[in-house]
Structure formats: C-alpha cells, structure tokens
There are 2 protein chains.
Amino acid sequence: MTDTNPPSPSRRSLLGWGGAGLALGAATAGGAVALAHGNDAAPADPGAAVPFHGMHQAGIATPVQDRLHFAAFDVTTDDRAQFVQLLKDWTQAARRMTAGHPVGEGAYGGLPEAPPDDTGEALGLRPSRLTLTIGFGPTLFERFGLTDHRPEALIDLPKFAGDNLDTARSGGDLCVQACADDPQIAVHAIRNLARIGFGKVVIRWSQLGFGKTSSTTPEAQTPRNLMGFKDGTRNIAGTETDRLRKHVWVSEKDGGPSWMTGGSYLVARRIRMHIEPWDRTSLQEQEDIFGRDKGEGAPVGKAKERDEPFLKAMKPDAHVRLAHPDSNRGATILRRGYSFTDGTDRLGRLDAGLFFLAYQRDVREGFIPIQRNLATDALNEYIQHVSSALFAIPPGVRDKDDWWGRTLFSGEA
Amino acid sequence: MTDTNPPSPSRRSLLGWGGAGLALGAATAGGAVALAHGNDAAPADPGAAVPFHGMHQAGIATPVQDRLHFAAFDVTTDDRAQFVQLLKDWTQAARRMTAGHPVGEGAYGGLPEAPPDDTGEALGLRPSRLTLTIGFGPTLFERFGLTDHRPEALIDLPKFAGDNLDTARSGGDLCVQACADDPQIAVHAIRNLARIGFGKVVIRWSQLGFGKTSSTTPEAQTPRNLMGFKDGTRNIAGTETDRLRKHVWVSEKDGGPSWMTGGSYLVARRIRMHIEPWDRTSLQEQEDIFGRDKGEGAPVGKAKERDEPFLKAMKPDAHVRLAHPDSNRGATILRRGYSFTDGTDRLGRLDAGLFFLAYQRDVREGFIPIQRNLATDALNEYIQHVSSALFAIPPGVRDKDDWWGRTLFSGEA
C-alpha cells in the first residue's frame, strides 16, 4: 500500500499549495518588501499572500482581513534557550503558513512513523491573506531575566468604569493575532503554533471573530458592527504614512527601549453587547446614542458617512462625540476589531459582541484617555467589557534569518 | 437634524440591497423554481441568492455554503394561534432575508420612535447564498395538541457507545439551520428570527461553524475536516435525483404522515475532537484510522480520492470501512457538517471539532445503523459526541402564500 512511502510530489495536495511558491520567493527576497506593511492598501485578492517580512509586523496596517482567530498564551517553560528556540520555530512556521505552505518541508512532512509536521486542514487552500502578529504581555517580563527590558509604555491597564473582567480570559504572556480572509486558514495557523509550542506554552484563552468591524482601506465599504452601525469610518488607513508614524509605530525618539522601534502596542478587549435590549430600542435612540444615522452612517446633521462630524450637534453622551480625537486631545488609535458570536448564555441570550483590537504608539496617549472619556458614553447601557489584555508588539521580521523577538532576546535592535 | 425623518430612499443602504430585487422576483414567481432545491448543483456565485420557494426546503440539496449558524429553540408560549403566527412571520422574514432584503419593508423599516424591523448588520451585504431550514423536534409534538401528528420516524434517538451528551445543548422544540457564504449573513438571520420570536420562543443552544466539511457538488474540491482529512468524498450530490429520492426525501409511500411528504429528517451531533493527542499521532496511524491517505484522500491501496474503496484492504476498525454503505446494508446519509472552534477549555485544549449535520428519509435506515456500526471505529479514541438532536424537516414553502409548517398545522399536505 502507498501509505508506507513518503508522499509523492504528484499528489494533488502539493499542487494545491504550489501556487504560493512565488509569493514566498518574493517575501524572502527581504529588503525589497520591507516597507510593504506600512502602505499596503491596494484592494487585495482575498486569496493572495501578504509578505511576512518588513520593518513592521504584518496584520496592523495591512488591509483588514475578513476573519480572526486570536490566541493568548501562557509560558510554561523556565528555560530561556528553549523559549528562544520556540520563537525561532514559530517564526519559520509563520513564514511558511503566511506564504500558503504547510508547516513542514514536504506536503505534510516527515516519515509515516512520525506525526505530520502540519495538521493538514489547510492543504489545498490558498494563503487567503493570512497575517500572524505576535505580542508580548507584561507578565512575560517577569520571566527569563527580562525585567529591565519591560517598556515603560507596557503598563498594567487601569480599571475603567463598567469593567467586568473575567481574569481567565484576560492577559497572557504572549499573543498571536491570526487574520485571514478564510477562517479555516486562521484557525489552522493558531492550532499549528499551539502544537509547535506544546510543553513550552499553552493557550490561555482565544477568540474567533467572524466579521471585521473596521477597515483600514477608506475606499472600501465600511463594515457594520452587531449593533447594525458602520464602525471605524475615520480609522487610520494603511496608506496614511504620517498618521501611522504619529499614532501607531514606536520610534526611537519615544524614549522607549530601542528593541521596540518599529513596533506598536495592542489593546484587546472583549466587549459583550446586550443584543436583546438593544434590538428593542427605537431607531431614534440608537442613532442618538451613536451620533450617526443607521442607514448611511452620516454624523448627526450631515448627509454623508464621511462628512466631518459637528460634535456639538450630537448629544453630550453620544459615542462618536466622546470617542472623537477632538474630545481627547487628538488621541487616535488604529482599530482592527471583529464581531463575535459564541453561542448563547444560560438565559438564551446571544453571547455576542465586539472583539476590540486597537494598535497605538503608546496606550497612555491612545486607548486610555479615550476609554476614560467613554465613562459617560450612552452606549454603556448596552455593552460591557468582559476581557482585557495589553501586549507590546515587537517590530517586524526583516528577512529569512530574522525571528520574532530577536531585538528583545538578542539585544540587537 | 435628519434623524427625525424616516430614512430617505436615496441612502446608500437601499442601494446596497437593491441588487437582490430580481432574485426575490424570481423566487416569488412560484412554480417555476419549485424543483430548484433538488438539482441546484451549478458552481454558485458565493454572493447570489438561493430561491426560497420549492417542493423541498433549501439548505439540504443546495450546494453546501461555507459558513453555518445553527440554533435550537424552545417554545415558551402555550397559545397555538400565536405560535402559528410566529411561523408565518418567520417565513416572511426568511423569504426576505434569503433574497438579500432586510426584514422590514423599508431599509430598516418603521418609525424613528419604534425599534428597527431589522437589526442592520447585513445592510449593504449581498444575499451570500443564505438558506434557512426549519425543523421540528420530538418535544414540539407534546404541545399544541400535536401528539397524533408526531411521525413514527421522529423517534427518541437511542444512546450510542461513547456518547457523553450535554443535555443543555441537545434537543430543542425547533431548529433553524442558517447556511451562507458570509458568516455575518448567517448570524444576522438567526439573530433576527430570535428577535421576532421574543416571548414565544427562546434559543436553547446554538452553534457556529466556520468551515464546511462536506460538499454536495462532486466537481468541487472536497473540503477537509479538522483532523486534516478530506471528508464526504462519496456524499450524495445535489444533482443525484435518484439518490436524493431514495435516501433523503420523505415520500407518501413511506407510510409517514402526509404532512411530511417532501421533507426529511435531520440529525445534529456536536462531535468534539481531541485535537492535541491527534496531532501527536503518526501519519501512518492517522491514515490507518481513516482508511484513506491524508494528502490525496485516496482509499487504502488506491491512487485517487474518487477511486472505489476496497474495504477489505483497510483495517477492520477503519472509519471509512465501518461507515461505508456496504458495511451498513446500503444505509446512506447526506452530510452537511461544519468545523467548529469555540475557544479553549480550562486545560488550554482547543474546544474544536465537527458539527455533524446529516439528512435522511428515515434515521432508522440512515444515521442509526451507521452510528451503531461505528461503535468499534478506531477514530473513537480521538472524538466524543457531546450534543445530539433530531428534527423532522417539513417540506418546502411552495409560494408567497405558503408558510413553514402549514402542512402540519393546517392539516393540508
């Protein structure tokens, strides 16, 4: 029987992955694509590959993909060398998966007597714009002698009004954000990283997002959240180099550790929506609460979604008014959130809402002042923050010899 | 401010839904599309509308869509007339949503002082091949004087070897299967049906599926389950009229109640996969367990996925061997399962697996003998059935005056 032989290259599975070869070639060419993640906002082929290498990690300024699988991990090893090796192994796996290849060198790698190098459920599927973005949580810096390297900006988030956090799905030593246009590709990536990490890290909590609620491509149709409103109309676009530099990317002059140059900070919040009472609220009240109309998404008193909002025309507790940079001394964040639905609770209510993901240069000038200002948000009657985490997002992997976290662990920026 | 006026038809939201008008027109034409669900296996535009009217409900022989939201409901009203009105209201909402329209007559309907008729998160999205398929569980027949109408075939499923069922997410008086190529469309549909049913029904449990694991279009690429294997290679195709008639559709000569003619029976089983031990199993063992090779999906000893399996070449406890019709006196079911990932459990293990959905003319000649034969399946070491339900699927809604369940509640077949 054929199963005792290594897979032959004529098998359909190999053909299925073959189309991604060029993309990997382009990515490993290195410097030529180094800037790609800062200005890659072209309308994308949903099946294509996104370059893995660059100054910044992909998955931040990259045009937002349709689906998400986000995982927070806890470290279970005390061996620094073993952990560094895991980061290198993860980087190599991420490099291959984002290019549309299985984790192993062969179609599913290795000998019949060994477990496959890849779990296989993505065989035959396209790269689907998969991006994998790693982050380091505050607790990681209590390990491996990293205390002195913890960035000042990687604070412990304060408690906010209305928080009702489940510690079991908050925090984490590490995170990986997997975004793709095909959810099977995102789930496959997280699963394979967890598998590679067996005995060294364990998933602390994870979240699937079935639909993006923000766009970083202003020419695209603005997506709607589960309250039925357009969200992220004035989000930072992947093409806005100046706004990205000002609000998202960490630079040397920030006074942070040099290992973070080119990185960012990610706030993740699971925001449960009280769907049922919201659905029984009048259209007028819904529009008053948001400060936009529901159909077009135009700010109060304006005709078009992208018209400049006149904040004083809105109610004082309108969401858009309180969240606007003009109400927060210019504080601006890059949003990349996703809608989630995780079944129903014991009362038959949908456990649904927004998994909020926001990138910024410094949370003390981004998420924190905005979230504090939202203490009086009229929306608070219909939402509750139930999970929270903050991660330092290291810079991008520059070339085929580089790896996630090198600037932190090897001391070279 | 504009918000005190009803939405104007020039708003973009209306334009977004406009493209679906023709599809609704075609669907409401009635008889002309009555057979569509039996033989609609053309490679489909993933954004198009599937006709709602027909002899059979859509969502069974329809080419399998990419995403699923499945909900089981319990009835909370004792008023038969109120429940019948709900079925009519649901039918009208389903007719509109499957055609790509919001639930209400306007863009989001009604007056500013009233809650919107539609929750809004699907505004601007295409119909995405949404199908909505209703089913009646055994417990429904304990209500509304329906005892005598319970089909003999709608049995209480027996306990199977290895079952570890959570009663809180098993059973249900009703179910609705929402399938679509865009998950936001499927989630929107279930949410709006639950909203319309407020005070009459409540969601008992629900399940999202992010990737189909079966195809009913044999010319398409066979999808893979989360064990990395191709699944459903020999599934009943939507074009196989004879096999559908023999194995899926209830006919008058079955001796069942006439109200079920043109209907079917649906078994739903949430099958948790023990992902982590599976991923540490050798390729050889994985292939022995399935009876197929992992890359191509060919049966043991054969070269191609669609080659006729030689069952005796497989191990006696191989999954394909035990599930094959030749091992079950011809028992054949139409599979429509989806992969799920619902985060992690307390031990950091992925709560992932297969949400198995199978349609058949009679479970006593379909799922039951097959599942009994799988008692010795080598796969059982890596899976566990944790939820179970059986529903009678009534015939299709024939035209714009018909409604879900009319043949049961009005006594006219």
Side-chain angles (χ1 to χ4, degrees), chain A residues 1-4 7 11-13 69 107-108 110 112-116 119-121 123-124 183-184 187 191 194-195 198 202-208 210-211 221 224-226 228-229 275-276 279-284 286-288 293-296 298 300-301 313 339 341-344 348 350, chain B residues 1-4 7 11-13 69 107-108 110 112-116 119-121 123-124 183-184 187 191 194-195 198 202-208 210-211 221 224-226 228-229 275-276 279-284 286-287 293-296 298 300-301 303 313 339 341-344 348 350:
Chain A
M1 112 185 171
T2 57
D3 299 338
T4 51
R11 287 191 184 174
R12 185 170 154 196
S13 58
H69 194 188
Y108 30 86
E113 298 76 24
T119 57
E121 72 271 25
L123 286 169
Q184 182 121 337
V187 168
R191 174 196 186 174
R195 185 180 56 78
F198 180 74
V202 63
I203 291 184
R204 177 180 172 88
W205 55 274
S206 68
Q207 181 68 53
L208 248 71
F210 66 80
Q221 175 174 296
R224 290 176 186 271
N225 61 28
L226 287 186
F229 278 78
I275 292 281
E276 292 79 7
D279 285 347
R280 294 195 289 277
T281 304
S282 75
L283 177 60
Q284 180 70 66
Q286 292 186 6
E287 295 185 334
D288 285 349
D293 86 283
K294 198 163 186 175
E296 162 66 24
V300 169
S339 292
T341 299
D342 292 337
T344 44
L350 280 172
Chain B
M1 109 188 171
T2 59
D3 298 339
T4 51
R11 288 191 181 171
R12 184 170 154 196
S13 56
H69 195 188
Y108 30 88
E113 298 75 25
T119 57
E121 72 271 27
L123 286 170
Q184 182 119 338
V187 168
R191 175 200 186 171
R195 185 180 56 77
F198 180 75
V202 63
I203 291 184
R204 178 181 170 89
W205 56 273
S206 68
Q207 181 68 54
L208 249 71
F210 66 81
Q221 176 173 295
R224 291 176 185 272
N225 61 27
L226 287 185
F229 278 78
I275 292 282
E276 293 78 5
D279 286 347
R280 295 195 290 277
T281 304
S282 76
L283 177 60
Q284 181 70 65
Q286 291 186 6
E287 295 184 334
D293 86 284
K294 198 164 187 175
E296 163 64 24
V300 168
S339 293
T341 300
D342 292 337
T344 45
L350 280 172

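Within every chain, numbering begins at 1; the chains are lettered A, B, ... in the order of the sequence lines, protein sequences first and strands thereafter.
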Verify, without hydrogens or angle tests, whether [X] (side chain) and [Y] (backbone) share a donor-acceptor contact under 3.5 angstrom.
X	Y	answer
A:E113	B:S282	no
B:R204	A:G348	no
B:K294	A:P116	no
B:Q207	A:G343	no

Smallest separation among heavy atoms of [X] and [Y], with atom names:
X	Y	answer
A:R195	B:D279	CD-CB, 3.5 Å
B:L350	A:H69	CD2-CE1, 4.4 Å
B:L208	A:F210	CD2-CD2, 4.2 Å

Checking B:T281 now: which residues fulfil side-chain hydrogen bond (donor to acceptor under 3.5 Å, both in side chains) with it, not counting sequence neighbours?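 Applying side-chain hydrogen bond (donor to acceptor under 3.5 Å, both in side chains) to B:T281 gives B:Y382.
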Could you give me the CA-CA distance, side-chain angles and deciding distance for A:T341 and B:R191, then say whether side-chain contact (heavy atoms from CB on, under 4.5 Å) is met? CA-CA 10 Å; A:T341 299; B:R191 175 200 186 171; over 6 Å; no
Between B:E121, B:E276, B:Q286, which residue shows the highest count of heavy-atom pairs closer than 4.5 Å to chain A?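 Highest number of heavy-atom pairs under 4.5 Å: B:E121.
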Contact winner vs chain A - B:N225, B:V202, B:I275, heavy-atom pairs under 4.5 Å: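 Highest number of pairs under 4.5 Å: B:I275.
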Structural part of [X] lying under 4.5 Å from a heavy atom of chain A:
X	answer
B:L226	both
B:Q184	both
B:F229	neither

